[in-house]
Amino acid sequence: MAAGLFVTVEGIDGAGKSTHLAALRAWFQQRGHEVVGTREPGGTELAEALRELVLHRSMDPLTEALLVFAARRDHLVQVIEPALARGAVVVCDRFTDASFAYQGGGRGFDAGVLFTLEGWVQQGRQPDLTLWFDLPAAEAARRRAAARAPDRFEAQDVAFFERVIAGYAAREAADRRRFEHIDARAEPAAVWQQVEAALVRRFG
Ligand code: TYD
């Protein structure tokens, strides 16, 4: 895998993606790859500072979209592109599909602007594989109720997360070869089986 591999993990808050990130990284490590585990918004000092603002300060939708893409630009330049260039596997907890799902779907922000920002910021870079942990919004809300204090997104209602899911579905429909659709309703072990089957199918 000399050219590196860019794997992203997506899903609404409470879908359970965090549960499987360590196993996902380990799967590649066990096959001898350097693995860079990272997240968005975040992944660099500057981008983590922007994350704090996006998750906890109120702001208008364009400001929010610009900040997540500003964070993404720094993350790509400082971490993701150098890692891919040296042949590493980058496993990223959320990426641009989350902007289309949350800012575009959830907030109803203009997708045309998001496509423009995506083009500027990524210069053609896209994940090689995106695992979408798909869980109905009502079930994710039940799971979140047991978790910690919500941020600006986690505090949204079920209708918001239904629009986020629709945003993910539109991204998947536009690029089916990149996506693996994971049914996140199952028990964690059964969810991991789906993830592993997808990895084996693609990377042996
Ligand atoms: P999340 O990845 O769920 O982290 P944690 O597990 O620590 O809660 O939180 C990030 C939040 O940011 C999530 O609610 C989705 C949101 N988000 C956007 O709105 N746009 C984006 O482009 C990204 C990457 C995330």
Side-chain angles (χ1 to χ4, degrees), residues 7-26 36-76 78-80 90-109 114 117 127 130-169 171 182-192 195:
V7 179
T8 61
V9 180
E10 298 283 356
I12 61 172
D13 296 271
K17 63 185 172 51
S18 312
T19 307
H20 301 288
L21 276 165
L24 184 57
R25 292 192 298 267
V36 174
T38 189
R39 69 170 180 180
E40 289 215 344
T44 67
E45 200 183 333
L46 174 62
E48 290 289 334
L50 293 174
R51 175 190 178 94
E52 277 306 300
L53 299 175
V54 169
L55 264 53
H56 301 294
R57 297 273 189 96
S58 59
M59 60 188 72
D60 87 284
L62 176 57
T63 307
E64 187 179 292
L66 291 170
L67 289 183
V68 294
F69 274 100
R72 179 161 301 132
R73 176 70 187 172
D74 193 55
H75 190 207
L76 273 164
Q78 304 288 344
V79 174
I80 296 173
V90 176
V91 176
C92 193
D93 184 354
R94 301 189 183 282
F95 194 62
T96 304
D97 297 314
S99 305
F100 281 87
Y102 281 78
Q103 280 67 52
R107 299 261 192 250
F109 185 71
L114 299 178
L117 292 171
T130 298
L131 297 160
W132 174 22
F133 289 77
D134 188 17
L135 186 72
E139 173 60 22
R142 278 193 288 276
R143 293 187 186 177
R144 283 201 308 277
R148 55 193 171 10
D151 60 37
R152 284 177 66 234
F153 297 103
E154 291 160 348
Q156 299 291 326
D157 61 13
V158 167
F160 175 91
F161 284 105
E162 279 167 353
R163 295 195 299 277
V164 174
I165 290 169
Y168 277 129
R171 291 287 280 183
I182 306 298
D183 180 351
R185 291 172 300 184
E187 293 298 306
V191 173
W192 172 252
V195 173

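FYI, side chains are in, hydrogens and waters are out, and symmetry mates aren't considered; it's all heavy atoms of this structure. Position 1 is the first residue of the sequence, and the numbers go up from there.
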Task: Nearest heavy atoms of Phe133 and His20, plus distance in Å - done: CE2-CD2, 3.6 Å
- [ ] Using modelled atom types only, decide if a donor and an acceptor are shared between the side chain of Glu48 and the backbone of Gly43 within a distance under 3.5 Å.
- [x] yes
Open item on the list: Once rounded to the nearest 0.5 Å, what's the spacing between atom NZ of Lys17 and atom OG1 of Thr8?
Closed with: 11.0 Å
Task: Single hit among Leu46, Leu50, Val79 for side chain to side chain contact (heavy atoms under 4.5 Å, CB included) with Asp74 - done: Leu46
Open item on the list: Check this for me: does any side-chain nitrogen of one of Glu64 and Arg107 sit under 4.0 Å from a carboxylate oxygen of the other?
Closed with: yes
Open item on the list: If you compare all heavy atoms of Arg72 against all heavy atoms of Ser99, which two are closest, and at what distance to 0.1 Å?
Closed with: NH1-OG, 2.9 Å
Task: Interatomic spacing from CZ in Arg163 to CD in Gln156 - rounded to 0.5 Å - done: 8.0 Å
Open item on the list: Does Arg143 have more than 12 heavy atoms from other residues, nucleotides or ligands lying within 6.0 Å of its CZ?
Closed with: yes
- [ ] Just do the side chain to side chain contact (heavy atoms under 4.5 Å, CB included) check on Val191 and Thr19 with the steps written out, would you?
- [x] CA-CA 10 Å; Val191 173; Thr19 307; over 6 Å; no
Open item on the list: Tell me whether Arg39 contacts the main-chain N or O of Asp93 through its side chain, where contact means a donor paired with an acceptor under 3.5 Å.
Closed with: no
Task: Under-4.0 Å salt bridge between Glu10 and Arg171 - done: no
Task: Contact summary for Met59 and Val54, nearest pair of heavy atoms - done: CE-CA, 3.9 Å
Open item on the list: Could you tell me if the side chain of Asp157 sits less than 4.5 Å from the side chain of Phe160, heavy atoms only?
Closed with: yes
Task: Crowding at CZ, Arg185 (>12 non-hydrogen neighbours, <6.0 Å) - done: no
Open item on the list: Strictly below 4.0 Å, N to O, side chains only: are Arg94 and Asp13 in salt-bridge contact?
Closed with: yes
Task: Pro150 vs Arg144 side-chain heavy atoms within contact, under 4.5 Å - done: no
TODO: Might you point out which heavy atoms bring Pro61 and Phe109 nearest each other, and give the distance in Å?
DONE: CB-CD1, 3.7 Å
TODO: Search all heavy atoms of Leu55 against all heavy atoms of Phe153 and return the closest pair with its distance.
DONE: CD1-CE1, 4.0 Å
Task: Pairwise distance CG(Leu62) to CD(Gln103) - rounded to 0.5 angstrom - done: 11.0 Å
Open item on the list: Is it the case that the side chain of Glu154 and the backbone of Asp151 share a donor-acceptor pair, with hydrogens and angles ignored and the cut-off at 3.5 Å?
Closed with: yes
Open item on the list: If I take atom OG1 from residue Thr38 and atom CD1 from residue Ile80, how far apart are they, to the nearest 0.5 angstrom?
Closed with: 6.0 Å
TODO: Grab the two heavy atoms, one from Ala140 and one from Ile12, that are nearest each other, plus how far apart they are.
DONE: CB-CD1, 3.4 Å
Open item on the list: As an exercise, state the distance from CG of Leu117 to CZ of Phe100, rounded to the nearest 0.5 Å.
Closed with: 8.5 Å
Open item on the list: What's the separation between atom CD1 in Ile182 and atom CG in Leu135, rounded to the nearest 0.5 Å?
Closed with: 12.5 Å
